[in-house]
Each structure stands twice: as structure tokens, then as C-alpha cells.
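Note that ligands are numbered from 1 as they come in the structure, with each ligand's atoms numbered from 1 the same way.
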Amino acid sequence: MSDVMLNLDAVDKFYGPIDKGVHAVRNLSMTVTRGEIIALLGSSGCGKTSTLRMVAGFEAVSRGRISIGGREIHTLPPVQRNVAMAFEGYSLYPTVTVRDNIAFALKRGNFSAVDVAAKVDEVAEMLEISAILDKYPSSISGGQQQRASLARALIRDADLYLLDEPMGQLEPQLRTLLRGRIKAYIKERGLTAILVTHDQTEANALADRIAVMEDGELQQFASPEDIKKSPANLFTGTFVGEPPMNVFPARTSISETTVSLRLDGDVELSYPVDAFSAELRTRLTEMGEVVLGVRPYAVQRRETGSPATVVANQWLGDQSHIAANFAAGSLVLVEHDRTQLVEDQQIAVHLEPSDLHIFNPKTGMAISHGARLVG
Ligand SMILES: Nc1ncnc2c1ncn2[C@@H]1O[C@H](COP(=O)(O)OP(=O)(O)O)[C@@H](O)[C@H]1O
Ligand SMILES: [Mg+2]
């Protein structure tokens, strides 16, 4: 048995004529391993739902191939794909109870009534909907309908579980609780799942790997740690991470002793030459102009450093977010203590070479992370 559960090979989706209509998914290739939880993360309209619907068979593939468990399925009808999907819009049957909605997928199989009831009770308890099993969809809240729809997908015995924004309607506390339970449910059973979300916290908490999408294109497909530490490009660098990465255009100048990064507004960051690898120094010299990125948590406030002026200081209950004018632009830094800084106060900041992300300004691709050349 191969380790690959799902393979998408150069998949395109056009709504309308090929090469003329809306290009919702662009040349998407990815492989999902058996037992993995994948998050498809991206902003609204980036092609997440279109991707899931093509895998499930509710939308035709415009170009490319999809296989599940080594079997090419992209031309098969949905019922022949053995995929369970929880839809963004719930799509429960209005004329039957929540219990029957959830049980529906099982009844067609070979389970006794007692087995079906036990399975429904188990998944309902996990998702905190036991109390509404005998109600009809129209009489329960959006969040309850959403969990009923999720239960209906999870209860099935499928090769692949596709969950489209399954917790979007829930209160934050319930969402946090269920995140943990859903992950445990999937992992204990060794299921393979793709979760669509625009919420990076959810993606980080649930997924083994995150596929970051933007404008129909896969930007990066890696573990949450790798996406944070080694963003493939400026898009993932600034999209994943809260607050977002600070970015500045910079001009490079490298001497025998010093690596200097000059930012607008007369800010010069100077480092001893051996803080950067020789390959990276060569590359920076060639580039001349780069984009510098540094995460808010990595910005250090010191006695001496580059000058910045505080614009705002917000205490969020467990950390301070400080916004400052810096290098003809602005900078956000995060500190874990309640910081006593006021508007217009002058501070000095230091950026460690090991915390710098450097990008190609023309292509947006990462050149280095932590003063080491990418690739
Ligand atoms: N049935 C459709 N007909 C035409 N355009 C569509 C249709 N469904 C989605 N789109 C367009 O395709 C793009 C991707 O949509 P979608 O896959 O729903 O994104 P997401 O789930 O990431 O929000 C959007 O521009 C959307 O407007
Ligand atoms: Mg969607």
C-alpha cells in the first residue's frame, strides 16, 4: 500500500471557457500522505473551495489529473470516489432530524440500527450536539448546523475527509475545544483529511502541513514550523504570522569587514561580515536591492540601535504590541511584558542577523532566512 493518499497533478479550474473564464485554481500540484491532516489556507476567493470540490467530484477539473489511493478519479462521479465532504454551506436535508442527517451516510452501509445509533451518539458527543439530535435543521443555529454537517462527514468510512471551513460559525471557546477533539478523532483513526480555513491559528493547530494559496496558486506547502521559519516568498512571509512580518526595502553594501543594509530614511543596519555566509554575501552584492523582513517578536529594543518613534502601544492582556515609525515606514514589535511606552517616545531597535528574512524584490522569492542562503 502506497503512502500517497491524494495526488493532484497540474490541476487547473476555469469557471467558464478554458483559458478565458475565471481561473480559480492554477496549475496546482500536491501530494497528501495517508494519515496526514492538511490545511488549505488562504484568503477568501483564493480557490480553496474549488480545489476541494474538484477532489470530491462536484466540480469538473479543467486540466490536470487527480488520484486517490493510486486510482485516477477525476472523471468519476462523486459517489465512486469514496470521499466524505463537509460543505461550507452545511447542506443538511431539511426534512429529517439532525440524527437522521448524520446517520444517512451509514444506513446505506451494513450497520445494524444499534451500531448506527452508537456511532451517531459518539460523534455527536465529540462535537457537542447530543442535545439537538432530534431537532430539524431549520430550528437550530448556524453553528449547530455546521457541526451536524461535520458529524455527517466524519462518521463515514472514507479514504479522504474534506472539511470546508468546518468551524467558521463557532464561538472562539468552542472552536478551541473542538479543534483539539477533531484532531484527536482524526489521528486516533488514522484518517486523511484536508481542512479548508482562512484562519491561520486553526491551520497551525490542526495541520501536519499547510498549503498556502493565493489567487488560485499554491505559494508554499510545508509544516507550520517551516512556513514560519522559512517562508518561501514575501506572500507567505507576510500572510502567515500574527502580527504580520515587518518588511522594508533595503540596499546592500558589503565591505571586507561589514555587511550593511541601508533602509529608507537614513537607517543603516551594519553587521560584522562573518554573521552572513560567504554565499549569501555574494548573492547580496549581486542583488544590490532586496526586501528585508523581520517578525514582530524578533525585533529587540536596546539601549543603542536604530532609532524608532513609538506611535501606539497596545496591551493585549498577555503581550504588548508596539507600533513605531521606523526607516520611512512603520514597524511593529511584540513584547511579553506590559511595556511602559508612550506615543512619540524615542526607542532604539536591534535586528539580529539570525532573525532576518531577505527576499528578491522583483520575484518576491526568499533569498535567505537567518543569514543563510535558501536552498
Ligand atoms: N460557480 C462559480 N462560478 C464562477 N466563479 C466561481 C464559482 N465558484 C467560485 N468562483 C470564483 O472562483 C474563485 C475561487 O473561489 P473559491 O474556490 O470559492 O474560493 P475560496 O473557497 O478560497 O474562498 C473566486 O474568484 C470565485 O468568485
Ligand atoms: Mg470557500
**Asked** Is it true that Arg209 and Glu36 have a side-chain N and a carboxylate O under 4.0 angstrom from each other?
**Response** yes

Between Val4 and Arg34 the two heavy atoms that sit nearest each other are O-NH2, 4.0 Å

**Within-cut-off N or O pair, Lys48 and ligand 1, under 3.5 Å** = yes

Review point. For atom 3 (N) of ligand 1, is some protein heavy-atom partner under 4.0 Å away?
Key: yes

Any protein heavy atom < 4.0 Å from atom 26 (C) of ligand 1 = no

heavy-atom search around atom 23 (O) of ligand 1 in the protein gives Gly45 N, 2.6 Å

Ser50 heavy atoms within 4.0 Å reach ligand 1 at atoms 14 (C), 15 (O), 16 (P), 17 (O)

(message) Against ligand 1, does Cys46 come closer than 4.0 Å with any heavy atom?
(response) yes

Within 4.0 Å of some non-hydrogen atom of Ser44, the atoms of ligand 1 are 23 (O)

So does Asp264 pair up with Arg251, basic N to acidic O under 4.0 Å? yes

Quiz prompt | Asp121 and Arg99 ion-paired at < 4.0 Å | solution = yes

among protein heavy atoms, the one nearest atom 6 (C) of ligand 1 is Tyr15 CD1, 3.3 Å

Any carboxylate oxygen within less than 4.0 angstrom of a Lys/Arg side-chain nitrogen, looking at Arg175 and Asp199? yes

Atoms of ligand 1 under 4.0 Å from any heavy atom of Ala24, numbered from 1 in the order shown, are 12 (O), 13 (C), 14 (C)

Notebook entry, point to check: Any Lys/Arg nitrogen of Lys119 or Asp157 sitting under 4.0 Å from an Asp/Glu carboxylate oxygen of the other?
Noted result: no

Worksheet entry | pair Gln319-Tyr297: side-chain heavy atoms closer than 4.5 Å | yes

(message) Check Lys362 with Glu289, please: is the shortest side-chain N to carboxylate O separation under 4.0 Å?
(response) no

Suppose we only count N/O/S atoms under 2.8 Å; would Ser50 qualify as near the Mg ion (ligand 2)?
no

Thr49 heavy atoms within 4.0 Å reach ligand 1 at atoms 17 (O), 18 (O), 20 (P), 21 (O)

The closest protein heavy-atom partner of atom 19 (O) of ligand 1 is Gly47 N, 3.2 Å

